[in-house]
Number of protein chains: 2
Amino acid sequence: MTMSNTGGRRRPPTIHDVAREAGVSRGTVSRVLNGGHYVSPSAQEAVNAAIRKTGYVVNRHARSLITGRSDSVGFLLTEPQERFFEDPNFNVLLSACTQALAAHDIPLLLMLAGTEDERRRITRYITAGHVDGVLLVSSHSGDPVAEQLREAGVPLVQCGKPMGLGSKVSYVAADDRDGARDMVRHLLSRGRRRIGMVSGPLDTPGGVDRLAGYKEVLTEAGVEIDERLIVSGDYSRASGEAGCARLLAQAPDMDAVFVASDLMAQGALAALRRAGRRVPEDVSVGGFDDSVAATEATPALTTIRQPYDRISSEMVRVLLAQIGGEDPAAVILPTELVKREST
Amino acid sequence: MTMSNTGGRRRPPTIHDVAREAGVSRGTVSRVLNGGHYVSPSAQEAVNAAIRKTGYVVNRHARSLITGRSDSVGFLLTEPQERFFEDPNFNVLLSACTQALAAHDIPLLLMLAGTEDERRRITRYITAGHVDGVLLVSSHSGDPVAEQLREAGVPLVQCGKPMGLGSKVSYVAADDRDGARDMVRHLLSRGRRRIGMVSGPLDTPGGVDRLAGYKEVLTEAGVEIDERLIVSGDYSRASGEAGCARLLAQAPDMDAVFVASDLMAQGALAALRRAGRRVPEDVSVGGFDDSVAATEATPALTTIRQPYDRISSEMVRVLLAQIGGEDPAAVILPTELVKREST
DNA sequence: TTCTCTACTGTGAACGCTCACAGAGCATCA
DNA sequence: TGATGCTCTGTGAGCGTTCACAGTAGAGAA
């Protein structure tokens, strides 16, 4: 009669139906559902059979209403959206986080805070308790959203080291400084001495730390730091191109350049090509990330691999621990030099 | 005393608190929350003031428990994950869908069905009613997940035309055939006659339709269809490179090639470069999608713009309509020729 | 006046689950 | 033997909403 055109979903079985089917009470079914402690093996078995038979799936809304947990997690991106489109790393991160959460049966809610309006709406949504915790991607410093969430006591794990170190916030990051050291040592081992650097934004720890590693190794090796060999970009391809062009203008004798992201390195390759420099014969190029941009570039980029899969799983691990009541934690993961054609 | 280290969230205000504050009953508050019909202006005003004062946010779990709706939507990707990493279009689609839903205050749950196991879990999650509807990205034919969801009566909108046309399922797609026609006409207008094609997979409507458009225009123009000028790829960069190399081997006199995706076109450019052909002097290259891959390519690609932002907003519109009880609908959106350096 | 209709408001009962509690059965120990 | 523990089970209450229903007040018609 009232069969709707959408196919007419029928009322799904409740815990009551399962209890009746198994010949036990709601309480027992609930106990089986939540770990099965204090349940006799026979009841356990009967309930599981009843669940299979009825096709029962727990109603998360009802559960959340009473537990106060939502059993869901937000993935919040406060970067400008274009970066999301452009940077292949976000995809890996997002995908790996989704999968890591799925293993715990926790859905991921994607939240994009582009405009001020969205930012406000999302903050309200989160602080209202509609997610248990937040995975935050925001490399820029002084993110007001992060601060607000922290104040509201929302479990939070940031991807990448946050700028204000005073605040006790969880984060998972690759060892930027050490990665940079490896790359510059590698360039030195190739006989390069006039090594340029296109760093990331200097209001981000990633930008600062990679530059610090670069300077550290050069100083160790007795190579003079030349400020004309240093510029900074914003991780976009275009800024890599512009930055490298500037380096070439300021220091025409540059024989290598360490670029703080693969995407910027792609841009740098374009600038070098336009300037008629051969890579790696005239100028070696080193990237950072080991994203698909590195393998797609011509020539393929030597780069520093950031273990995004491990970063993702650690972010999820730390977040769930924090939701479980543990203290915030910082995790730094090792990077790896990946040699390809550009050096 | 029991202040937890997470900062101690306090109990959020309920509809009851708002009612007390406003001096009205729960029912009145609820009515204000849901459209405000049959509420006096004075009560309306009092309730809104109370909401602002208490910082009340509706508890979605409680609401969902009684309405049966979850007020959330799943974004389901059944493609192999690598495509997700590689193809910039997915980002645009995902991001635009998230934003379009956000405008309706509906969160998006990201669901990646890579393995068989995940597929099963996700299907159960969806059919249990934990989302009101699903935005599905799956260009390949005979997707068992789609079929299962359709049978379960879950509102569903697919991105791209589905293969089995018999089944009544909503979809939003660009006009592939017409886009292909525009591109081939454009190549003809550049004086090209030996026009090759690297199509998409021929078990997808996109693959079939773009090839059909290609053949149609050539036939109209009186140009003979030469099967040696036609190969098919899988939309990946690598397959574009391999496909174009094969075309060059089979038909060395090829003077243009229409490649069914920008990513494949990037590969084709690489193959042409390696073969020593200049683009566009010796061979014109046309892509499809107008993704960032098109502007990043050297030379920048002439391509067919798919209106992904409109596709996204239409997908959301159609899905919400279907959740609201309307019949499934198909939407075909026009494409646009974008001329750049490669032709 | 009385009756009807409309605009508005309050109340109790759900929704499906978890949790605290009480209590039953059984073994162990003084 | 009774007290004490342990394992296991059922029951009622309640989470924060919405919804159906009943009911009130005022305007207009009979």
Side-chain angles (χ1 to χ4, degrees), chain A residues 2 9-48 50-51 54-72 105 124-125 127-130 132, chain B residues 2 9-48 50-51 54-72 105 124-125 127-130 132:
Chain A
T2 49
R9 310 202 217 180
R10 65 171 132 272
R11 198 182 68 81
T14 74
I15 203 173
H16 219 112
D17 300 325
V18 175
R20 190 156 25 78
E21 179 70 35
V24 297
S25 71
R26 291 173 1 252
T28 300
V29 176
S30 177
R31 275 184 285 265
V32 171
L33 253 35
N34 296 287
H37 296 301
Y38 287 95
V39 187
S40 68
S42 64
Q44 180 92 249
E45 182 50 41
V47 168
N48 282 328
I51 287 176
T54 55
Y56 170 78
V57 179
V58 68
N59 181 324
R60 285 169 175 247
H61 302 305
R63 172 183 283 172
S64 295
L65 183 55
I66 189 161
T67 61
R69 285 175 287 120
S70 72
D71 292 316
S72 68
D105 211 31
R124 269 170 45 115
Y125 186 90
T127 52
H130 289 316
D132 294 339
Chain B
T2 48
R9 307 202 220 180
R10 64 171 133 271
R11 197 182 68 80
T14 72
I15 202 173
H16 219 110
D17 301 324
V18 175
R20 190 156 24 79
E21 179 71 33
V24 297
S25 70
R26 293 172 0 252
T28 300
V29 177
S30 177
R31 275 184 286 265
V32 171
L33 254 34
N34 297 286
H37 295 301
Y38 286 93
V39 187
S40 68
S42 63
Q44 181 92 250
E45 183 48 44
V47 168
N48 282 328
I51 287 176
T54 55
Y56 170 78
V57 179
V58 67
N59 182 324
R60 287 169 175 247
H61 302 305
R63 172 183 285 174
S64 294
L65 183 55
I66 188 160
T67 61
R69 285 174 287 120
S70 71
D71 292 316
S72 68
D105 210 32
R124 268 171 45 117
Y125 186 89
T127 51
H130 290 315
D132 294 340

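Within every chain, numbering begins at 1; the chains are lettered A, B, ... in the order of the sequence lines, protein sequences first and strands thereafter. Bear in mind the structure is a predicted one, so any value in this text is a computation, not a measurement.
The side chain of S40(A) contributes an N or O atom lying less than 4.0 Å from OP1 or OP2 of dT9(D). Phosphate proximity of dC8(D) to T28(A): absent, as no side-chain N or O sits under 4.0 Å from OP1 or OP2. Between Y38(A) and the phosphate of dC19(C), there is no side-chain N or O to OP1/OP2 separation shorter than 4.0 Å. Of the side-chain N and O atoms in S30(A), one or more sit less than 4.0 angstrom from OP1 or OP2 of dT18(C). Contact annotation: S25(B) side-chain N/O to dG10(C) OP1/OP2 distance is under 4.0 Å.
With a 4.5 Å cut-off on side-chain heavy atoms, V57(B) and P12(B) do not count as touching.
Counting to the nearest Å, the P atom of dC19(D) and the CZ atom of R31(B) are 11 Å from each other. Between H61(A) atom NE2 and dC15(D) atom C1' there is a gap of 15 Å when expressed in whole angstrom units. Protein atom NE2 of H37(A) is 11 Å distant from nucleotide atom P of dC8(D), rounded to whole Å. In this structure, I66(A) places its CD1 atom 13 Å from C1' of dC15(C), rounding to the nearest Å. One interatomic measurement links the two molecules: CG of N59(B) to C1' of dG16(C), which rounds to 14 Å at whole-angstrom precision. Atom CG of L65(B) and atom P of dC15(D) are 13 Å apart (whole Å). Going from atom CZ of R60(A) over to atom C1' of dC17(C) covers 13 Å, rounded to whole Å. Rounded to whole Å, the distance from CD1 on I15(A) to P on dC19(C) is 11 Å.
Of all the heavy atoms in S70(A) and G129(A), the pair that sits closest is CB-O, 4.2 Å.
A side-chain donor-acceptor contact under 3.5 Å links T67(A) to the backbone of R63(A). Checking side-chain atoms of D17(A) against main-chain N and O of T14(A) turns up a donor-acceptor pair under 3.5 Å.
Within 4.0 Å (heavy atoms only), R26(B) reaches at least one base atom of the nucleic acid.
Aromatic ring orientation, H61(A) versus H130(B): perpendicular (interplanar angle above 60°, classes split at 30° and 60°).
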